[in-house]
Amino acid sequence: MEKTYNPHEVEEKWIKYWEENGIYKFDPNSDKPIFSIDTPPRYASGDLHMGHAKNYTEFEVVARYKRMRGYNVFFPNGFDDNGLPTEKMVEKKYGKSKRDFDRKEFIELCKKEAEEVIKRMKETFIRIGFSCDWDYYYHTIDDYCQKQAQRSFIDLYNKGQVYRAEEPVIWCTYHQTALAQAEVEDKKRTTKLNYIYFTLEDGSKIEIATTRPELLPSCVGIFVNPRDERYKHLVGKKARVPLFNFEVPIMEDEAVDMEFGTGIVMICTFGDTQDIEWWKKHNLPMKISIKEDGTLNELAGKYEGLKLEEARKRIIEDLEKEGLLVKQEPLEQTVGVCWRCGTPVEFIPTKQWFIKALDHKEKLLELGDKINWYPEYYKVRYVDWVKNLKWDWIISRQRYFGVPFPVWYCNKCGKIRLAKEEELPVDPRFTTPEEKCECGGEFVGEQDVMDTWMTSSLTPQIATKWKDDPEFFSKMFPMSLRPQAHDIIRTWAFYTILKAYLHNNSIPWKDIMISGYVYVGKGIAMSSSKGIGTNPKEIVDKYGADVLRYWATSATLGEDLIYREQDVIRGKKVLTKLWNIARFINSHISGYEPKSKPELRTVDKWILSKLSKVIKQATEYMEKYEINKEKKVVENFLINVFADFYLEMVKYRLYKEEKDEAALYTLYTVLEAVLKLLAPHIPFITEEIYNTIYKKGSIHKSSWPELDMEDEGVEMVGDKAIEFISEVRKFKSKNHMSMGAPIKSVVIWSKVELGDALEDIKNTVRAEEISFLEGEDKVEVTK
Ligand SMILES: [Zn+2]
Ligand SMILES: [Zn+2]
């Protein structure tokens, strides 16, 4: 073994070896138990950063562990290139909006750009030792995934679980598309509450407080609370809207908050969900003044064409000029914003497709209970989300790059024509069925595309070939594990559970493992679309993939981690230590192969008992996906017990003319187990050492260590021995002696009979003489 470990050379070598020998391939014909992973398909919107490196490595370690535990591991990988993130990446790169492109040209451009990004990400995955099986690769815009998403739609349509309706929907004016409730985040902000005058028919004035005067052209009514004595006389009258000069009725509704503002509110179509409720309940007209791009339309008169913010400013100025603005007050409020761009959402009525979710709340909660959540506390997020669900899932998106709806409408009678199975995947935007409608009308394709979650909610069905290979599907579904980040519980986890219920009446997976985020500083998470974060390749180039991975598995499951390069370097130290230990052992056991277990000394039994416990604990942690704790237990054993004490205690036996077989056996056994326990975390260096010393093929095809040598009696003696060694070491350092310096004599008092360990103490501390007396623990050293 080389004096210093060269990660770059070694890692490249093993990547090639693993690939050429199909080390990580799933075997569809094996009868071993299956462990399957529903790998998150990464967005094709930019390069990977350290946050991905962490989250992907966390469950990649699980895949390696399960292989060693004898599972036939099914570990596909995919990319999510369909949808908004890709479109936005392309729009940003070319500096223009999708609407300024030809639709087909834009779609091609998205495909091309996504491909480039995927190529780079794939390289990074391979370079960091991501052991997925690329035979099961998919990306969400490929023909197969489009087919699955369209099958999903058709299945739900046939089951009566999708419907089309014209409703005010949540709208992002930046992305110019409808959004699902799950895509809206709450944001706190301070705004101004404007008290403005409306005029009654008799010329008297009433005051109304509003945060959104730019919606005045959309005002369709005024409400007061029926219990509000102050305003009883107003009900049934009409008021004139300031600046816009049209009349609206004054009505009553119990939902009016008498404490807010003046207790008189205006309803506009649509400022918020309350407006939508009142509009429905009181059957009010619809006056829409906000366009899809967030500017005002002709209803706004002289404010037409202005962006909302600008219009608000100008309208307030004009109100003030005309003496119609009574006062302004600062107001803390919570607004819903688009989760991707932070733009406050609007409500715009459009014709959209919905999947029924509200009907299934009970069932969804029940399914949530059947899944094992790791860590358990994240289940609450799912439960709260389901309980507070207010909308069905809107799946239409007014975008270009996505999976098209497999739907045409008759231009005469409106009849719906669904795509047939043999037509899938289909793009009704560019193709028309050959036949005409029964009524003689032409079929016109749906122009919207489906929400990207419509496809990614199917990753378990995509991976297991639902409707494509029934035999494979029945063997593979539900999957074993869904790993994912905590911020997409209400989207990805929720939608996947909903789909598995509606399509398969099942849970999608048995376990869900939730990971945290990586922050670069306080409150700033790494994000590829925002260009924040270190590319893992940088770290790999500097230190190698094992060092990166060592860092990546240091977070507690479910918790966030702050990224600092000095933490990454820690892994390098551990690797060096491991390399040096292995080199030392190799220099002594080279050529040795244990035939049967030799007669062991107490210290040998002691370290093997400790190892047995470490294996047991490590296995328990791995089973709970607590991989950082597993690593800590093993690292602590390796450095603070095995290297610091056992290796020192055993040295004298190795330098004898005739090597001590018990020592060789123990070193051989412990190192092999430790390598295996660390192999999931640092697959390269462990593979290199394992192949050099053990020559039993790939460590990643070996089995997880097992050892049943726990012995409390032996441990008590061994622990005492190292206590006394530490005492002598302290003595030496106090007397400015080197640790290897010889000493004249040691006298030990103890109530624990040390037996043959006394000899090991003597040789470890290099004492010429040692004696043992029964008594309270004490050590006396003579220089
Ligand atoms: Zn947006
Ligand atoms: Zn027709």
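Every number for a ligand or one of its atoms is a count from 1 in the order of the listing. Computed over heavy atoms, backbone and side chain alike; hydrogens, waters and symmetry mates excluded. In this text, all values refer to a predicted model and were calculated from it rather than measured experimentally.
If you put the vertex on the Zn ion (ligand 1), SG of Cys341 and SG of Cys172 sit 100° apart, to the nearest 10°. To the nearest 10 degrees, the angle centred on the Zn ion (ligand 2) between SG in Cys437 and SG in Cys413 reads 110°.
Under the 6.0 Å distance and 45° angle rule, Lys98 does not count as a cation-pi partner of Phe106.
In this structure a side-chain-to-backbone donor-acceptor pair under 3.5 Å is missing from Asp155 to Arg151.
Distances from the Zn ion (ligand 1) to each N, O or S atom of His175 single out ND1 as the nearest.
The aromatic rings of Trp353 and Tyr409 lie parallel to each other, with less than 30° between the two planes, well short of the 60° mark.
In this structure, Glu438 pairs ionically with Lys415, as a charged nitrogen and a carboxylate oxygen lie closer than 4.0 Å.
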